[in-house]
2 protein chains.
Amino acid sequence: MPDRPFHHGNLRAVLLDQAEAVLRERGLDGLSLRELAREAGVSHGAPRKHFIDRNALLDALAERGFVRLADEIHQAAAHAPDHAHALQAAGSAYVRFAVKEPALLDLMFAAKVDAPSEAVRTAAERLFAAMADIMSAGVEAGVYDASDVDRLTLVLSATVQGTASLIASRRITTSQGEGLIKDAITLFLAGASTAH
Amino acid sequence: MPDRPFHHGNLRAVLLDQAEAVLRERGLDGLSLRELAREAGVSHGAPRKHFIDRNALLDALAERGFVRLADEIHQAAAHAPDHAHALQAAGSAYVRFAVKEPALLDLMFAAKVDAPSEAVRTAAERLFAAMADIMSAGVEAGVYDASDVDRLTLVLSATVQGTASLIASRRITTSQGEGLIKDAITLFLAGASTAH
DNA sequence: ACCTGAACACCGTTCAAGT
DNA sequence: ACCTGAACACCGTTCAAGT
């Protein structure tokens, strides 16, 4: 097989992986389609077959980000001995994501002018569903009233996202963020549990 | 006086006002220094005397955003009859800001590669101080222990910022956001007050 | 002290043409 | 079906020159 086949075959995935790395190292401003193409060894017009424009690439990045974060939260909560620990583990996982991928998180919650695409919306719902699953387990464990769980899930989601946003934007340090998420979830449990 | 004096005299303020409007109507991607210069009736090199580069303009916008949001929160809380209402009013003001200025809020909490500038940091602290003032009043009213207030202020800040982030990114609707902030603050009070 | 205007290097996007 | 490469319009940034 030739060194550089006409059909790259893998271009879409390569572009996304490289874009994620650039995002991590140089932020959104450092992300250029032409540079990604150069580094992938294709012409600057080639990405167009996979991403109609720069925004479509960014959407795909956000989408992957949501799926990954949802998975990490799911994993973190799965190994916890009880609901309180599951919440803390989920919060910690969210914070870790913000620390490691601030620019990606920023992209996932970017204020776009247009309505979010279907694909991004679906991926974002997966993150919300991961939080909802943990909360449902809390209901089954008798921690919350079933009638409160939807609103409580939203409050929890806002709290963790706010903590992550403060970290990603460097308004607080990583270490402050770790303390904050712990306090926030402890307080959430204190306020939300039926048993107080 | 001539129609277009050599010294614009007002260029910095004009650029900032126009930039804020563009941000509101067309988002960050629609914001170009050259276009701002054109609309201000100056050459494309003129803004450089006031903003060394595009990022300096964005920093100035974020700075003004923080000052304005801090003021609006301060005002909102000032007219409340008690601490609980002050918290709710502050939360509502934050949500209103996110609804009216999603792109500006996004800019204020953007994940930049470089550390935030001194000016932006100071302005951001003003927002945090506005929240801290409200919480201090709660301590004086006997709602919280004085030893908890710093950590509680951080939790509150994260909660409102998370709600605002979900709204600005269109992950939830404005109406969901209004319900959420009410629930979140009610739950915050339930979990944080010493009297439960 | 502030603004002009040419120059430079770099983009995103489009599209006819190639394989 | 996928990629090339020229073309276009637009940037941000720099800087000598003007007032």
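Atom CZ in Phe51(B) sits roughly 13 Å away from atom P in dT13(D) (whole-Å rounding). As a whole-Å value, the separation of Leu36(A) CG from dC3(D) P is 14 Å. Here dC3(C) presents its P atom at 10 Å from CG of Asn10(B), a figure rounded to the nearest Å. The interatomic distance linking Lys49(B) (NZ) with dA16(D) (C1') rounds to 13 Å, in whole Å. Asp29(A) has its CG atom 13 Å from the P atom of dC11(C), to the nearest Å. Going from atom CD1 of Ile52(A) over to atom P of dT13(C) covers 9 Å, rounded to whole Å. For the pair His50(B) NE2 and dC2(C) C1', the computed distance is 7 Å after rounding to whole Å. Put simply, CD on Glu39(B) is 14 Å from P on dC10(D), counting in whole angstrom units.
Val14(B) and Val22(B) are not part of a single hydrophobic cluster, where members link through side-chain heavy atoms under 4.5 Å apart.
In this structure, the nucleotide among dT13(D), dC11(D), dG12(C) sitting nearest to the side chain of Ser32(A) is dG12(C). Among dC11(D), dT4(D), dC3(C), the nucleotide with an atom closest to any side-chain atom of Arg38(B) is dC11(D). Looking at the side chain of Leu33(B), the nearest of the listed nucleotides dC2(D), dC11(D), dT13(D) is dT13(D). The side chain of Arg54(A) approaches dG12(C) more closely than any other nucleotide in the set dG5(D), dC11(D), dG12(C). When distances run from any side-chain atom of Asp53(B) to the nucleotides dT4(D), dT13(D), dC3(C), the shortest one goes to dT13(D). Of the candidate nucleotides dG12(C), dG5(D), dG12(D), dG5(D) has the atom lying nearest to any side-chain atom of His44(A).
Within the shown strands, dT4(D) is the pairing partner of dA16(C) under the Watson-Crick or G-U definition, both distances less than 3.5 Å. Remark: dC10(C) base-pairs with no nucleotide in the shown strands. Criterion, Watson-Crick or G-U wobble with two distances under 3.5 Å.
Nearest-nucleotide positions on DNA chain D place Ser43(A) closer to the 5' end than the other of Arg34(A) and Ser43(A).
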Start with the C-alpha distance between Lys182(B) and Glu178(B), add both sets of side-chain angles, then the distance that settles salt bridge (Lys or Arg N to Asp or Glu O under 4.0 Å), and finish with yes or no.
-> CA-CA 6 Å; Lys182(B) 199 157 180 264; Glu178(B) 287 165 350; over 6 Å; no
Audit row: Arg126(A), Glu63(A), salt bridge (Lys or Arg N to Asp or Glu O under 4.0 Å) steps and yes/no = CA-CA 10 Å; Arg126(A) 219 154 130 166; Glu63(A) 196 187 330; over 6 Å; no
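Between Phe109(A) and Phe109(B), the ring centre distance reaches or exceeds 6.0 Å.
Within a 6.0 Å sphere centred on NE2 of His74(A), other residues, nucleotides and ligands contribute 12 heavy atoms or fewer.
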